[in-house]
Amino acid sequence: MDEETQKEVRDWLKRADEYVRAAEHEFNGEFYARSVSTSYYAMFYAATAALLSAGIERSKHSGVVSAFGQHFVKTGKVSSDLGRILNQTMEDREESDYSAIPLADHALAQQHRDDAQCFVAAVKDYFIGQGFEL
């Protein structure tokens, strides 16, 4: 991976970390639908970093989720749980963002907040295992 790509990967991971912190802040403020959405974006940015490191770019959310599953989950580079978590959070994020009365409550927001923390940490662990300096 060239230096420019490495910098971009680090930037996406920093953004993922920022969104994990933002999801926590929103959760604590009882902005549950917002927290679900932000949790998803934390995962989306970490998945984007992973794909970029493999030379893969996708422009749509569904493309990122699908490619992450294909290139990282199905190949065993990361746990299959991460694919399930990313897919479920994307579905709940869409409902949270586009429904007049989102179903997001304390429990759902807490689950996705925790999942986002785990997802981002797992992607970072993958990079560390590859010798990539964060």
Checklist entry - Under 6.0 Å between ring centres, would you say that holds for Tyr41 and His61? => result yes
Next on the checklist: Using a 3.5 Å distance criterion without hydrogens, assess whether the side chain of Ser96 forms a donor-acceptor pair with backbone atoms of Asp92.
Outcome noted: yes
Next on the checklist: Using 0.5 Å steps for rounding, measure from the OG atom of Ser35 to the NE2 atom of His25.
Outcome noted: 10.5 Å
Next on the checklist: Does Ser53 form a side chain to side chain contact (heavy atoms under 4.5 Å, CB included) with Phe127? I'd like the steps, not just the answer.
Outcome noted: CA-CA 9 Å; Ser53 75; Phe127 279 115; 3.5 Å; yes
Checklist entry - Out of curiosity, does Tyr126 fall in the hydrophobic cluster containing Leu134 (side-chain heavy atoms, cut-off under 4.5 Å, transitive links)? => result yes
Item to check | Arg113 to Tyr32 six-membered ring, cation-pi geometry met (6.0 Å, 45°) | outcome: no
Checklist entry - Would you say the side chain of Arg34 lies within less than 4.5 Å of the side chain of Asp97, judging by non-hydrogen atoms? => result yes
Next on the checklist: How long is the straight-line distance from CZ of Phe27 back to CG of Asp114, given to the nearest 0.5 Å?
Outcome noted: 7.5 Å
Checklist entry - Would you say Thr75's side chain and His71's backbone share a donor-acceptor pair under 3.5 angstrom? => result yes
Checklist entry - What heavy-atom pair brings Thr38 and Glu26 nearest, and what distance separates the two atoms? => result OG1-OE1, 2.7 Å
Checklist entry - Does some side-chain heavy atom of Gln88 sit less than 4.5 Å from a side-chain heavy atom of His112? => result yes
Next on the checklist: If the test is side-chain contact (heavy atoms from CB on, under 4.5 Å), which one of Gln6, Met1, Glu57 qualifies with Leu52?
Outcome noted: Glu57
Item to check | Polar side chain donor-acceptor pair, Asn87 to Glu91, under 3.5 angstrom | outcome: no
Item to check | Criterion side chain to side chain contact (heavy atoms under 4.5 Å, CB included) on Gln117 and Glu24, from CA distance to verdict | outcome: CA-CA 9 Å; Gln117 292 169 348; Glu24 176 74 23; 3.6 Å; yes
Item to check | Same apolar cluster: Trp12 and Phe68, side chain cutoff 4.5 Å | outcome: yes
Item to check | Evaluation steps, side chain to side chain contact (heavy atoms under 4.5 Å, CB included), between Val123 and Phe72 | outcome: CA-CA 10 Å; Val123 170; Phe72 285 86; over 6 Å; no
Checklist entry - So do Asp17 and Lys124 actually touch side chain to side chain, heavy atoms under 4.5 Å? => result yes
Next on the checklist: Set out, in order, the CA-CA distance, both residues' side-chain angles and the distance that settles side chain to side chain contact (heavy atoms under 4.5 Å, CB included) for Val65 and Tyr40, then state yes or no.
Outcome noted: CA-CA 11 Å; Val65 172; Tyr40 164 74; 4.2 Å; yes
Checklist entry - Is it the case that one hydrophobic cluster holds both Tyr45 and Val73, taking links as side-chain heavy atoms less than 4.5 Å apart, direct or via other members? => result yes
Next on the checklist: Please tell me whether Val64 and Ile56 are part of a single hydrophobic cluster in this structure, the criterion being side-chain heavy atoms less than 4.5 Å apart.
Outcome noted: yes
Checklist entry - What is the minimum heavy-atom distance between Ala109 and Val36, and which atoms define it? => result CA-CG2, 3.8 Å
Item to check | Residue pair Val120 / Ala16: nearest heavy atoms and the distance that separates them | outcome: CG2-CB, 4.0 Å
Checklist entry - Is there side-chain contact between Leu86 and Phe119, with at least one heavy-atom pair below 4.5 Å? => result yes
Next on the checklist: To the closest 0.5 Å, what do you measure between CG (Leu82) and NZ (Lys77)?
Outcome noted: 14.0 Å
Next on the checklist: Distance check, rounded to the nearest 0.5 Å: Glu8 atom CD versus Thr5 atom OG1?
Outcome noted: 6.5 Å
Checklist entry - Under a single-linkage definition using a 4.5 Å side-chain heavy-atom cutoff for Ile, Leu, Val, Met, Phe, Trp and Tyr, are Leu13 and Ile128 assigned to the same hydrophobic cluster? => result yes
Next on the checklist: Using a 6.0 Å cut-off, check whether atom CD of Gln130 has over 12 heavy atoms from anything other than its own residue.
Outcome noted: yes
Item to check | Closest heavy-atom pair and its distance - Leu108, Ala104 | outcome: CD2-CA, 3.8 Å
Checklist outcome for this item: Exactly one of Pro102, Ser37, Ser39 clears side-chain contact (heavy atoms from CB on, under 4.5 Å) with Arg93, and that residue is Ser37
Checklist entry - So, Lys7 and Asp11, do they make that salt bridge, N to O below 4.0 Å? => result yes
Checklist entry - Which value, rounded to the nearest 0.5 Å, describes the distance between Asp115 atom CG and Met43 atom CE? => result 5.0 Å
Next on the checklist: As a quick check of understanding, evaluate ring pair (Phe, Tyr, Trp, His ring centres under 6.0 Å) for Phe44 and Tyr19, giving each step before the final call.
Outcome noted: CA-CA 10 Å; Phe44 175 80; Tyr19 273 62; 9.9 Å; no
